[in-house]
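These notes concern the structure reproduced below.
Quick caveat, the model's predicted, so the values are computed rather than measured.
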Amino acid sequence: MDAIKYDFNMNREQNRKATFIEWPFNDENCNCTSEKMAAAGFYHCPTDRDQDIARCFVCFKELEGWEPEDDPWKEHKSHSPKCEFLALNKREEDMTVEEFLDLETKGQNNRVKKIAELKIREFEETAEHVKEEMKKLVP
(Lines give C-alpha, C1' and ligand atoms only; values in the text may rest on other atoms or scores of the structure.)
Protein backbone atom coordinates (compact mmCIF):
# COMPACT_ATOMS: atom_id res chain seq x y z
CA MET A 1 0.00 0.00 0.00
CA ASP A 2 2.86 2.41 0.73
CA ALA A 3 4.06 2.11 -2.86
CA ILE A 4 0.75 3.49 -4.09
CA LYS A 5 1.13 6.57 -1.87
CA TYR A 6 4.46 7.18 -3.58
CA ASP A 7 2.75 7.67 -6.93
CA PHE A 8 1.74 11.28 -6.25
CA ASN A 9 5.03 12.64 -7.62
CA MET A 10 5.36 10.28 -10.55
CA ASN A 11 3.40 12.44 -12.97
CA ARG A 12 6.70 14.22 -13.80
CA GLU A 13 9.17 12.41 -16.04
CA GLN A 14 12.18 13.68 -14.09
CA ASN A 15 10.74 12.20 -10.87
CA ARG A 16 10.13 8.86 -12.56
CA LYS A 17 13.67 8.80 -13.91
CA ALA A 18 15.08 9.52 -10.46
CA THR A 19 13.57 6.26 -9.15
CA PHE A 20 15.80 4.14 -11.38
CA ILE A 21 18.85 4.50 -9.11
CA GLU A 22 19.75 0.81 -9.13
CA TRP A 23 18.18 -0.09 -12.45
CA PRO A 24 20.28 -2.85 -14.06
CA PHE A 25 19.73 -1.75 -17.66
CA ASN A 26 21.41 1.64 -17.92
CA ASP A 27 24.15 0.40 -20.20
CA GLU A 28 24.26 2.11 -23.61
CA ASN A 29 23.57 -1.27 -25.27
CA CYS A 30 20.27 -1.65 -23.41
CA ASN A 31 16.95 -0.65 -24.89
CA CYS A 32 15.18 -0.15 -21.56
CA THR A 33 17.36 2.50 -19.94
CA SER A 34 16.01 4.63 -17.12
CA GLU A 35 15.47 7.52 -19.55
CA LYS A 36 13.38 5.39 -21.89
CA MET A 37 11.49 3.77 -19.04
CA ALA A 38 10.56 7.15 -17.54
CA ALA A 39 9.58 8.55 -20.94
CA ALA A 40 7.27 5.54 -21.43
CA GLY A 41 5.51 6.38 -18.14
CA PHE A 42 7.28 3.94 -15.83
CA TYR A 43 8.97 4.40 -12.51
CA HIS A 44 11.04 1.84 -10.63
CA CYS A 45 9.42 0.27 -7.57
CA PRO A 46 11.55 -2.73 -6.61
CA THR A 47 10.62 -5.15 -3.85
CA ASP A 48 12.75 -7.59 -1.91
CA ARG A 49 11.57 -10.37 -4.22
CA ASP A 50 11.58 -8.52 -7.55
CA GLN A 51 14.24 -5.92 -8.21
CA ASP A 52 13.13 -4.93 -11.72
CA ILE A 53 9.48 -3.98 -11.20
CA ALA A 54 8.39 -0.87 -13.04
CA ARG A 55 4.92 0.67 -12.70
CA CYS A 56 3.06 3.11 -14.94
CA PHE A 57 2.14 6.30 -13.15
CA VAL A 58 -1.28 6.43 -14.86
CA CYS A 59 -2.60 2.89 -15.39
CA PHE A 60 -0.57 1.36 -12.52
CA LYS A 61 0.36 -1.65 -14.62
CA GLU A 62 3.41 -3.31 -13.08
CA LEU A 63 5.87 -5.13 -15.30
CA GLU A 64 8.83 -7.23 -14.26
CA GLY A 65 11.28 -9.58 -15.92
CA TRP A 66 12.81 -6.88 -18.10
CA GLU A 67 15.47 -7.85 -20.61
CA PRO A 68 18.08 -5.47 -22.07
CA GLU A 69 16.42 -5.58 -25.51
CA ASP A 70 12.89 -4.80 -24.26
CA ASP A 71 11.34 -1.62 -25.61
CA PRO A 72 9.46 0.12 -22.77
CA TRP A 73 6.86 1.67 -25.10
CA LYS A 74 6.10 -1.65 -26.82
CA GLU A 75 5.93 -3.51 -23.51
CA HIS A 76 3.63 -0.88 -22.04
CA LYS A 77 1.34 -0.99 -25.09
CA SER A 78 1.20 -4.78 -25.18
CA HIS A 79 0.43 -5.16 -21.47
CA SER A 80 -1.83 -2.14 -20.96
CA PRO A 81 -3.31 -1.10 -24.32
CA LYS A 82 -6.00 1.09 -22.70
CA CYS A 83 -3.55 3.21 -20.69
CA GLU A 84 -4.56 6.89 -20.90
CA PHE A 85 -0.90 7.96 -20.98
CA LEU A 86 -0.32 5.88 -24.11
CA ALA A 87 -3.55 7.11 -25.66
CA LEU A 88 -2.43 10.72 -25.23
CA ASN A 89 0.76 9.82 -27.15
CA LYS A 90 2.68 12.91 -26.02
CA ARG A 91 5.78 13.51 -23.97
CA GLU A 92 5.43 15.72 -20.92
CA GLU A 93 7.03 18.75 -22.56
CA ASP A 94 4.47 18.60 -25.40
CA MET A 95 1.37 18.44 -23.18
CA THR A 96 -0.88 21.37 -22.53
CA VAL A 97 -1.73 22.17 -18.93
CA GLU A 98 -5.24 20.85 -19.56
CA GLU A 99 -3.88 17.53 -20.91
CA PHE A 100 -1.48 17.22 -17.99
CA LEU A 101 -4.24 17.81 -15.43
CA ASP A 102 -6.63 15.47 -17.24
CA LEU A 103 -3.98 12.76 -17.24
CA GLU A 104 -3.33 13.38 -13.54
CA THR A 105 -7.06 13.05 -12.83
CA LYS A 106 -7.23 9.75 -14.72
CA GLY A 107 -4.14 8.51 -12.90
CA GLN A 108 -5.59 9.37 -9.50
CA ASN A 109 -8.87 7.66 -10.44
CA ASN A 110 -6.87 4.56 -11.34
CA ARG A 111 -4.96 4.89 -8.06
CA VAL A 112 -8.21 4.90 -6.06
CA LYS A 113 -9.44 1.84 -8.01
CA LYS A 114 -6.16 0.03 -7.28
CA ILE A 115 -6.42 0.81 -3.56
CA ALA A 116 -10.05 -0.36 -3.53
CA GLU A 117 -9.08 -3.61 -5.28
CA LEU A 118 -6.33 -4.22 -2.72
CA LYS A 119 -8.69 -3.52 0.18
CA ILE A 120 -11.38 -5.81 -1.27
CA ARG A 121 -8.82 -8.59 -1.73
CA GLU A 122 -7.60 -8.05 1.84
CA PHE A 123 -11.18 -8.17 3.14
CA GLU A 124 -11.95 -11.35 1.18
CA GLU A 125 -8.85 -13.07 2.54
CA THR A 126 -9.72 -12.07 6.09
CA ALA A 127 -13.33 -13.16 5.60
CA GLU A 128 -12.19 -16.55 4.31
CA HIS A 129 -9.89 -16.99 7.29
CA VAL A 130 -12.67 -16.06 9.74
CA LYS A 131 -15.05 -18.44 7.97
CA GLU A 132 -12.57 -21.31 8.35
CA GLU A 133 -12.06 -20.48 12.02
CA MET A 134 -15.83 -20.38 12.59
CA LYS A 135 -16.19 -23.83 11.02
CA LYS A 136 -13.81 -25.14 13.66
CA LEU A 137 -16.18 -23.90 16.40
CA VAL A 138 -19.18 -25.88 15.11
CA PRO A 139 -19.32 -29.43 16.58
Side-chain angles (χ1 to χ4, degrees):
M1 190 66 76
D2 290 337
I4 294 175
K5 292 178 186 175
Y6 187 62
D7 297 335
F8 278 115
N9 296 319
M10 296 301 112
N11 57 6
R12 300 289 316 275
E13 189 172 326
Q14 67 186 21
N15 295 345
R16 294 192 299 274
K17 185 176 180 258
T19 65
F20 288 90
I21 296 167
E22 295 188 27
W23 186 244
F25 305 108
N26 278 328
D27 184 279
E28 63 186 40
N29 297 324
C30 294
N31 207 23
C32 55
T33 63
S34 57
E35 291 85 4
K36 291 178 182 178
M37 294 292 288
F42 291 111
Y43 62 95
H44 191 209
C45 52
T47 66
D48 291 338
R49 289 184 31 215
D50 297 304
Q51 293 296 309
D52 70 338
I53 295 178
R55 178 186 297 139
C56 173
F57 80 103
V58 176
C59 70
F60 291 87
K61 182 67 176 176
E62 292 182 356
L63 299 178
E64 61 183 290
W66 291 91
E67 300 291 334
E69 65 276 358
D70 287 340
D71 179 319
W73 287 99
K74 287 180 183 176
E75 293 296 324
H76 198 167
K77 287 176 188 174
S78 69
H79 292 282
S80 189
K82 295 181 181 180
C83 176
E84 293 92 347
F85 176 72
L86 296 175
L88 185 58
N89 198 26
K90 286 185 178 181
R91 300 254 334 227
E92 180 181 315
E93 60 267 12
D94 299 325
M95 290 182 203
T96 65
V97 172
E98 183 178 357
E99 289 169 330
F100 182 84
L101 292 174
D102 184 53
L103 196 59
E104 179 62 16
T105 300
K106 290 173 180 173
Q108 293 308 323
N109 284 336
N110 290 337
R111 177 180 170 274
V112 169
K113 287 177 191 174
K114 181 84 166 184
I115 291 170
E117 289 169 5
L118 291 171
K119 288 294 186 183
I120 289 168
R121 190 175 323 130
E122 185 180 299
F123 172 80
E124 289 172 342
E125 290 170 2
T126 300
E128 188 60 36
H129 175 73
V130 169
K131 186 174 154 183
E132 292 301 316
E133 291 298 314
M134 288 175 68
K135 284 181 184 178
K136 292 177 186 176
L137 297 174
V138 177

Quick one: closest heavy-atom pair of Asp52 and Glu64, and the distance? OD1-CB, 3.7 Å
Indicate the ring-plane relationship of Phe57 and Phe85, choosing parallel, tilted or perpendicular according to the 30° and 60° boundaries. perpendicular
How long is the span from the CG atom in Leu88 to the CG atom in Asp94, to the nearest 0.5 Å? 9.5 Å
Any Lys/Arg nitrogen of Glu132 or Lys135 sitting under 4.0 Å from an Asp/Glu carboxylate oxygen of the other? yes
Have a look at Asn11 and tell me which of Gln108, Glu104, Arg16 forms a side chain to side chain donor-acceptor pair (under 3.5 Å) with it. Glu104
Just jot down the side-chain hydrogen bond (donor to acceptor under 3.5 Å, both in side chains) partners of Glu125, sequence neighbours excluded, or say none. none
For the atom pair CD (Gln51) and SG (Cys45), what is the distance rounded to the nearest 0.5 Å? 11.0 Å
What one should report as the nearest heavy-atom pair of Ala40 and His76 is O-ND1, 2.8 Å
Evaluate the side chain to side chain contact (heavy atoms under 4.5 Å, CB included) criterion for residues Phe42 and Glu75: first the C-alpha distance (whole Å), next the side-chain angles of each, then the deciding distance (0.1 Å), finally the verdict. CA-CA 11 Å; Phe42 291 111; Glu75 293 296 324; 5.5 Å; no
Contacts of type side-chain hydrogen bond (donor to acceptor under 3.5 Å, both in side chains), residue Asn29, not counting sequence neighbours: Asp27
For the hydrophobic clusters of this structure (ILVMFWY residues joined by side-chain heavy atoms under 4.5 Å, transitively), does one cluster hold both Ile53 and Leu63? no
State whether the side chain of Asp70 and the backbone N or O of Glu67 hold a donor-acceptor pair below 3.5 Å, judged by distance alone. yes
Crowded around Glu93 CD? As in, over 12 foreign heavy atoms under 6.0 Å? yes
Any residue meeting ring pair (Phe, Tyr, Trp, His ring centres under 6.0 Å) with Phe20, in chain and number order, not counting sequence neighbours: Trp23, His44
Side chain to side chain contact (heavy atoms under 4.5 Å, CB included) between Cys56 and Cys83: does it pass, once the steps are laid out? CA-CA 9 Å; Cys56 173; Cys83 176; 3.7 Å; yes
Looking at Leu101, is its backbone amide N or carbonyl O close enough to the side chain of Thr105 to form a donor-acceptor pair, meaning the two atoms are under 3.5 Å apart? yes
Let me have the donor-acceptor pairs involving side chains of residues 31-38, under 3.5 Å, with sequence neighbours excluded, atom names and distances please.
{"from": "Asn31", "atom 1": "OD1", "to": "Lys36", "atom 2": "NZ", "distance (Å)": "3.2"}
{"from": "Asn31", "atom 1": "ND2", "to": "Glu69", "atom 2": "O", "distance (Å)": "3.4"}
{"from": "Thr33", "atom 1": "OG1", "to": "Glu35", "atom 2": "OE1", "distance (Å)": "3.3"}
{"from": "Thr33", "atom 1": "OG1", "to": "Lys36", "atom 2": "N", "distance (Å)": "3.4"}
{"from": "Ser34", "atom 1": "OG", "to": "Asn26", "atom 2": "OD1", "distance (Å)": "3.0"}

same_hphob_cluster(Trp66, Leu86) at 4.5 Å side-chain heavy-atom cutoff: no
Hits for side-chain hydrogen bond (donor to acceptor under 3.5 Å, both in side chains) against Asn110, two or more places apart or cross-chain, chain-then-number order -> Glu84
Report whether Leu103 and Val97 are members of the same hydrophobic cluster (ILVMFWY, side-chain heavy atoms less than 4.5 Å apart, transitive linking). yes
Can you confirm whether Lys74 is buried at NZ, in the sense that more than 12 heavy atoms of other residues, nucleotides or ligands lie under 6.0 Å from that atom? no
Is any side-chain N of the basic residue among Lys136 and Glu133 closer than 4.0 Å to the acidic one's carboxylate O? yes
Once salt bridge (charged side-chain N to carboxylate O under 4.0 Å, His left out) is applied, do any residues pair with Asp71, and if so which ones, sequence neighbours excluded? none
Measure from the side-chain N and O atoms of Asn15 to the backbone N and O of Met10, and report whether any donor-acceptor pair falls under 3.5 Å. no
